[in-house]
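Structure first, commentary second.
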Amino acid sequence: MSTSTAGLNTAQNSAVTNTDGPLLVLAGAGTGKTRVITHRIARLLSKRVPASAILAMTFTNKAAAEMRTRIRELVPARKAEGLTIGTFHSFCVRALREHADRLDLHPNFGICDSDDQLVVMKQALRELQIPEAELPPRLCLARVSLLKSRMISPETLQSGGNGIDNDIGRAYARYDAGLRTSRLMDFDDLLLYMVKLLGDKTSLRAFQKRFQYLLIDEYQDTNAPQYEIVRRIGAVHRNVCVVGDDDQSIYGWRGADMTKILNFEKDFPKAVVVRLETNYRSTPQIVAGANLVIRNNPGRHEKTLRAHDKDGEAIRIKRLLDEEAEAAFVVDDIAERVRSRRMRLGQFAILFRTAVQPRIIEMQLRQHGMPYRLVGGMSFFDHKEVRDILSYLRLVANPSDELSLLRVINTPPRGIGASTVEKMMSLAAQQRASLVDVLRDESTALRPTTRASVDRFLGMLDSLRRDHPADGLVDLLKDLIRSVNYGEEIKRCYSDSATRTKRWDAVNEILNMAEVHGRQRSGATLTTFLEEVALSANDDRDDDRSSDDEVTLMTLHSAKGLEFGEVYLVGMEEGLLPHLRSIQDGGIEEERRLAYVGITRARHRLTLSYVQSRARYGNREASLPSRFLYEVQGKEAPAELMEHISRIGTSVANESAPATPRATGTKKGKPNRKPGSKRSESKPRTDRRKAAASKKRVSTKG
DNA sequence: CTGTCCTATCTTTTT
DNA sequence: GATAGGACAG
């Protein structure tokens with residue numbers, strides 16, 4: 001046997017060697033989940049399963065990339081060739097393009113991001129004359145996405161509709177129609193159409209025949225269509241291995257369906273269940289704390305994490321006066337650790353529940369000149385010039401893409417103004433034709449100058465399409481940037497030379513990305529490039545740029561799957577973690593899992609902090625320590641706390657806060673350190689927008 | 001089209 | 001209290 005199973009523990013080994021039949025691997029935090037998956041794939045390959053018969057699906061690009069890297073360490077490249085490892089969405093896109101004819105799809109359909117979605121939804125609401133005040137587009141979009149992730153179609157919804165649900169149903173249908181005219185799919189559609197494709201017997205058989213072995217990562221986050229894809233492809237050979245941890249399911253609000261991991265044994269009878277319970281990441285104290293918290297959740301797959309390591313520090317719980325003191329404490333503490341223990345900043349993470357919390361921490365970090373990285377801010381792809389160029393590209397690839405057409409038709413200004421566009425749009429609606437067709441139609445009435453502009457614009461797009469071979473991506477881009485004279489546009493829009501340079505650099509960065517894409521992917525085309533951009537745009541929490549010398553700031557959600565030497569989990573208060581909304585809607589369990597995820601990110605040292613008072617919506621309110629702080633110490637939350645909370649649950653107003661936060665067995669580590677006035681060169685890396693930039697100035701109040 | 005004022009909102013965001 | 005997004009005026 002060529003596969004080495006050395007270094008795997010008994011449970012891991014059994015997960016790796018049980019290659020045939022359904023297998024559920026319950027992998028607690030830090031128990032070597034990725035190791036198991038990669039070793040399992042190596043094992044299959046060594047048993048002469050062809051690489052092309054293996055399909056491994058993950059939820060993030062990062063997870064897929066890591067899997068690929070680690071497999072490369074285990075097996076020779078030649079053997080790994082032909083493996084299908086990717087996110088659910090990327091797998092679906094490829095499959096759909098390949099089998100586009102079976103569903104009557106255009107093979108060059110585009111993928112729209114959330115901004116595009118919003119545009120389409122707004123349009124839909126306008127057409128239905130549903131006022132945005134009545135049904136905010138964002139909310140509507142969220143609801144539609146949730147419906148799609150439960151595989152509920154507009155028709156189903158409408159039949160039982162009352163009032164707002166009826167509106168949502170109509171908007172849903174209209175929105176989908178809008179996407180279809182532009183030959184676009186949103187993320188949910190990729191999964192739904194895949195399910196549809198698998199409803200076709202011939203296609204289904206082809207997939208079943210090809211993919212003999214399935215591996216699914218993060219199974220607790222699977223939603224209905226994803227589950228359906230797995231179930232159908234795996235129905236015949238039943239070599240379905242799912243790996244996950246129900247205790248880390250934190251995306252329920254987005255349609256992830258935890259019952260899938262809880263019912264796996266029912267869905268796949270005779271499934272073998274393997275529990276990975278040895279945690280190789282954290283100290284016994286941290287593992288114990290995590291267990292104490294999560295055991296309060298009912299209805300889970302019972303499992304108890306055991307620490308592999310022998311000793312460590314106690315979990316620290318710190319009470320601070322207010323959020324400013326909390327931020328100062330954390331930053332001082334990190335500075336002190338760096339000084340006395342010579343630790344790198346990259347070892348530290350500050351985790352929080354909501355996106356507003358990091359602001360005050362950022363201020364402290366800046367004052368200390370401590371470099372940091374805030375995960376989840378604005379992405380490269382949110383910049384105007386990037387979106388412009390990509391819209392042109394999308395339009396070149398997919399002439400039906402009306403969204404992109406509307407975005408670039410007068411950018412840079414070329415004399416096709418808003419009123420013309422509006423006229424053309426209504427004309428298109430009248431003639432039941434697409435906007436491009438109306439523009440192309442010589443009989444459409446236009447002023448001669450406008451006609452000339454339109455023809456020039458359409459001609460430019462046509463020649464871009466005509467003059468470049470499918471694999472001539474970089475040349476196409478260069479030609480495009482030259483043809484639309486984007487350099488001039490930047491000069492026109494920005495007077496400041498530094499800004500100009502920055503914007504122009506961004507444009508060039510797209511060129512670089514295209515070049516890299518062409519080099520790395522065989523058979524790269526414009527379509528594959530756009531696909532990659534669409535499916536990996538927001539993935540900037542990954543390591544490529546992260547440095548050893550930055551503190552990481554991120555939400556608990558973003559932190560899943562990562563680990564840090566030292567973790568500060570701030571804002572451990574009732575109303576924040578667990579969040580008030582969840583307390584009211586009975587979502588405590590998911591909040592608890594969130595706390596569990598946070599706790600289990602830490603390797604050596606974990607600090608939980610809460611404050612006595614916090615500014616909320618303008619006024620300062622007393623805070624109560626989170627129930628999870630009691631739980632983590634193996635205590636019961638005091639009756640008065642729970643009583644107070646139940647009061648919040650019923651009445652939204654919580655003006656009086658009689659229950660003073662009691663100093664819970666607060667293990668104070670060392671007394672508060674004096675602010676070290678260490679001033680290294682500050683290069684805070686925040687790409688927040690103007691808000692943060694101006695904030696920076698304001699924050700010099702000391 | 002751009003800047004400014006006003007007002008509704010205040011959880012999380014893999015793809 | 002901050003902020004973002006929309007309405008509206010210039």
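In the text below, chain A, chain B and the rest are named by the order of the sequence lines, each starting its count at 1. Just so you know, these numbers use all the heavy atoms, side chains as well, and skip hydrogens, waters and symmetry mates. Predicted, not measured: the structure shown is a model, and the values here were computed from it.
- A:K560 places its NZ atom 12 Å from the P atom of B:dT15, with the value rounded to the nearest Å.
- Nearer the 5' end of DNA chain B, as judged by each residue's closest nucleotide, is the contact made by A:G417, out of A:G417 and A:L556.
- For B:dT12, the base is anti relative to its sugar; the glycosidic angle deviates from 0 by more than 90°.
- Between the CZ atom of A:R138 and the P atom of B:dT12 there is a distance of 12 Å, given to the nearest Å.
- Rounding to whole angstrom units, CG of residue A:D221 and P of B:dT13 are separated by 14 Å.
- Between A:H99 and A:Y193, the ring centre distance reaches or exceeds 6.0 Å.
- Counting only heavy atoms from C-beta on, A:S558 has its side chain closest to B:dT13 among B:dT11, B:dT13, B:dT15.
- Atom CD1 of A:I360 and atom C1' of C:dA2 are 13 Å apart (whole Å).
- A salt bridge links A:K33 with A:E218: the closest approach of a Lys/Arg side-chain nitrogen to an acidic carboxylate oxygen falls below 4.0 angstrom.
- A donor atom on one side chain and an acceptor atom on the other are found under 3.5 Å apart for A:N297 and A:R592.
- Annotation: C:dG5 and B:dT13 have their P atoms spaced 16 Å apart (nearest Å).
- The listed nucleotides are B:dC1, B:dT11, B:dT14; the one nearest the side chain of A:N410 is B:dC1.
- Base engagement by A:S582 is indicated by at least one non-hydrogen atom pair under 4.0 Å involving a base atom.
- Here A:N619 does not reach the OP1 or OP2 of C:dG1: none of its side-chain N or O atoms lies under 4.0 Å away.
- Nucleotide B:dT13 holds its C1' atom 12 Å from the CG atom of A:L594, rounded to whole Å.
- For the 3.5 Å distance criterion, the side chains of A:Q117 and A:Y175 qualify, holding a donor opposite an acceptor.
- A straight line from CZ of A:R614 to C1' of C:dA2 spans 15 Å, rounded to a whole angstrom.
- The residue A:Q117 sits apart from the nucleic acid: no heavy atom pair falls under 4.0 Å.
- Distance from the side chain of A:Y251 is smallest to B:dT13 among B:dT13, B:dT15, B:dT11.
- A heavy-atom distance below 4.5 Å is not found between the side chains of A:L405 and A:S391.
- Distances shorter than 4.0 Å separate none of the side-chain N or O atoms of A:H89 from OP1 or OP2 on B:dT15.
- Two residues are said to be in side-chain contact when any heavy atoms from C-beta on lie closer than 4.5 Å; A:V293 and A:I599 meet this criterion.
- When the nucleotides C:dA2, B:dT12, B:dT14 are ranked by their closest atom to the side chain of A:R359, C:dA2 comes out on top.
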What are the atom names and distances for every N/O pair under 3.5 Å that joins the protein to nucleotides 6-10 of chain C?
unit_1 : atom_1 : unit_2 : atom_2 : d
C:dG6  : OP1    : A:K122 : NZ     : 2.7

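- Side-chain contact, A:Q220 with A:S249: no donor N or O sits under 3.5 Å from an acceptor N or O.
- Evaluation of atom-type donor-acceptor distances gives no pair under 3.5 Å for the side chain of A:R581 against the base of B:dT11.
- When heavy atoms are screened at a 4.0 angstrom cut-off, A:D186 is found touching no nucleic acid atom at all.
- Each of B:dT11, B:dT13, B:dC1 was ranked by its minimum atom distance to the side chain of A:T555; first place goes to B:dT13.
- Residues A:F264 and A:Y227 keep their aromatic ring centres 6.0 Å or farther apart.
- Nucleotide B:dT15 holds its P atom 12 Å from the CD atom of A:Q226, rounded to whole Å.
- Rounded to whole Å, atom C1' of B:dT12 lies 11 Å from atom CD of A:Q357.
- Residue A:H557 has its side chain nearest to B:dT13 when only B:dT13, B:dT11, B:dT15 are considered.
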